[in-house]
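Chain A is the first sequence line, chain B the second, and so forth, proteins listed ahead of strands; every chain is numbered from 1.
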Protein chains: 2
Amino acid sequence: MPRRSAAEALQTRSAIVERSVAVASVDGLDGLTIGRVAGELHMSKAGVLGHFGTKEGLQLAALEAAVGTFTHEVWEPAAGATPGRPRLLAVADGWLSYLERDVFPGGCFVTAAACEFDDRPGPVREALARHQARWLRALAADARVALRAGDLPRATDPADVAFGLNAVAMGVNQARRLLADPEATARGWRAMRALLHAPRARRRTGV
Amino acid sequence: MPRRSAAEALQTRSAIVERSVAVASVDGLDGLTIGRVAGELHMSKAGVLGHFGTKEGLQLAALEAAVGTFTHEVWEPAAGATPGRPRLLAVADGWLSYLERDVFPGGCFVTAAACEFDDRPGPVREALARHQARWLRALAADARVALRAGDLPRATDPADVAFGLNAVAMGVNQARRLLADPEATARGWRAMRALLHAPRARRRTGV
DNA sequence: CCTACCGATCGGTAGG
DNA sequence: CCTACCGATCGGTAGG
């Protein structure tokens with residue numbers, strides 16, 4: 001098998017995935033159809049399907065790519081910060097920036113996919129749940145570090161902090177996409193900052 | 001036109017709407033198909049379509065019904081409470097209860113629909129935006145009353161409170177549906193209570 | 001509210 | 001990676 005052919009196949013494959021992510025971020029993973037992707041890339045349906053076997057395979061590939069983008073855009077810029085509260089603040093910053101820059105044409109891909117598949121059993125839902133749980137665990141781990149460093153109120157549940165940051169991000173996404181609220185990012189930042197408030201002065205027991 | 005016929009038609013119509021809401025809460029407003037609803041009700045597609053004209057008409061009817069249910073389940077039980085902070089706490093309570101009782105088989109219908117259509121121009125998106133904006137305005141109005149009564153910190157933006165409550169509700173919905181987090185409701189309650197925190201120092205989160 | 005039907009598109013396969 | 005094709009289903013219409 002000639003080398004060039006395999007390299008070209010990989011290139012075709014990433015073009016399909018890239019296009020699929022764009023389509024699915026607007027019309028959902030279900031609105032992602034093989035025929036549409038094929039048409040937009042000037043390929044045959046069989047040519048597209050050959051790379052993934054089934055529509056579900058294409059959906060999973062698109063999801064993995066989108067998670068990679070999220071990690072690259074939100075986690076990686078913050079990863080080098082000091083673990084604990086400083087890094088959580090850096091993540092918050094990157095997260096809001098990621099939402100504001102409309103990295104995906106249809107808003108946060110992962111949020112949209114999670115909404116769409118949270119009640120439909122199958123590999124797509126499982127992959128979403130796995131990624132989401134991993135992300136929340138990472139946030140909670142940093143919250144635990146912050147807690148031990150005395151950077152969060154003593155009674156704070158680290159998982160509550162992770163839950164709260166994620167909820168705010170979903171809220172910002174909705175406020176931007178559905179309501180076009182120009183204050184969305186600012187509200188998100190105030191809410192995230194409140195979740196990551198230092199324990200002195202205005203002391204609070206919950207999150 | 002005989003009376004009985006018209007009454008039966010209305011009854012048929014509500015059966016269609018009811019079934020459509022159930023289907024769409026799991027599979028989305030796009031996954032709602034005329035053929036499926038017809039099949040489940042042992043009707044013809046034309047019989048279903050006759051009541052709404054187009055698929056979009058059916059989607060809008062399902063959405064209106066779901067908004068009515070939300071209002072009935074979340075707003076009405078709290079409506080009689082004292083406007084301001086007490087009523088916001090009652091709404092928070094009803095909202096979490098509504099999520100926990102799985103009033104719709106596929107989780108919060110409005111959240112799911114908003115996620116699905118927030119990037120798709122058209123009447124469905126407009127109806128969603130209108131209802132969402134109205135709900136947030138109602139919450140913000142009560143936050144404003146609370147603020148004037150001295151029940152919220154002086155620098156609070158009432159719209160931020162509305163934004164925060166909505167974000168937490170979305171977070172609870174996701175934590176329940178996608179992650180099956182048994183702590184979801186408790187986290188939501190702690191987060192909402194924090195948003196509605198009394199302003200004085202050394203105040204407990206309860207009240 | 002039905003039957004009967006329309007063109008379009010769906011996911012997927014056969015065979016090359 | 002293509003052409004050619006499959007049965008199923010889509011939203012919607014005609015006519016009653």
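- Using a 4.0 Å cut-off between a side-chain N of Lys or Arg and a carboxylate O of Asp or Glu, Arg190(B) and Glu183(B) qualify as a salt bridge.
- Taking the charged nitrogens against the carboxylate oxygens, Asp118(A) and Arg125(A) have no contact shorter than 4.0 Å, which rules out a salt bridge.
- Salt-bridge formation is detected for the pair Asp102(A)/Arg176(A): a Lys NZ or Arg NE/NH1/NH2 atom is positioned less than 4.0 Å from an Asp or Glu carboxylate oxygen.
- By the 4.5 Å heavy-atom criterion applied to side chains, Leu63(B) and Val67(B) are counted as neighbours.
- Distance CD (Glu56(B)) to C1' (dG11(D)): 12 Å, rounded to an integer number of Å.
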Could you spell out the base pairing of DNA chain C in dot-bracket, with Watson-Crick or G-U pairs whose two distances are under 3.5 Å, [ ] crossing and | to another strand? ||||||||||||||||
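- By the 6.0 Å contact criterion, CZ on Arg134(B) is open, its count of non-hydrogen atoms from other residues, nucleotides or ligands being 12 or less.
- Rounded to whole Å, the distance from CD1 on Ile16(B) to P on dC1(C) is 6 Å.
- For the pair His42(A) NE2 and dC2(D) P, the interatomic distance rounds to 12 Å; values are reported in whole Å.
- At whole-Å resolution of the value, CG in Leu49(A) and C1' in dA14(C) are 13 Å apart.
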Listed pairs under 3.5 Å, donor-acceptor, residues 40-53 of chain B side chains, sequence neighbours left out:
residue  : atom : partner  : partner atom : Å
Glu40(B) : OE1  : Arg19(B) : NH1          : 3.2
Glu40(B) : OE2  : Arg36(B) : NE           : 3.1
Ser44(B) : OG   : Gly47(B) : N            : 3.0

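- Thr54(A) has no side-chain polar atom (N or O) that falls below the 4.0 Å cut-off from OP1 or OP2 of dG11(C).
- Leu89(A) is listed as a side-chain neighbour of Arg85(A), based on a closest heavy-atom distance under 4.5 Å.
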Please tabulate the protein-to-nucleotide N/O contacts below 3.5 Å involving nucleotides 4-10 of chain C, giving atom names and distances.
residue : atom : partner  : partner atom : Å
dC10(C) : OP1  : Thr33(A) : OG1          : 2.9

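- Checked by atom type and distance alone, the side chain of Arg148(B) never pairs as donor or acceptor with a backbone atom of Arg144(B) at under 3.5 Å.
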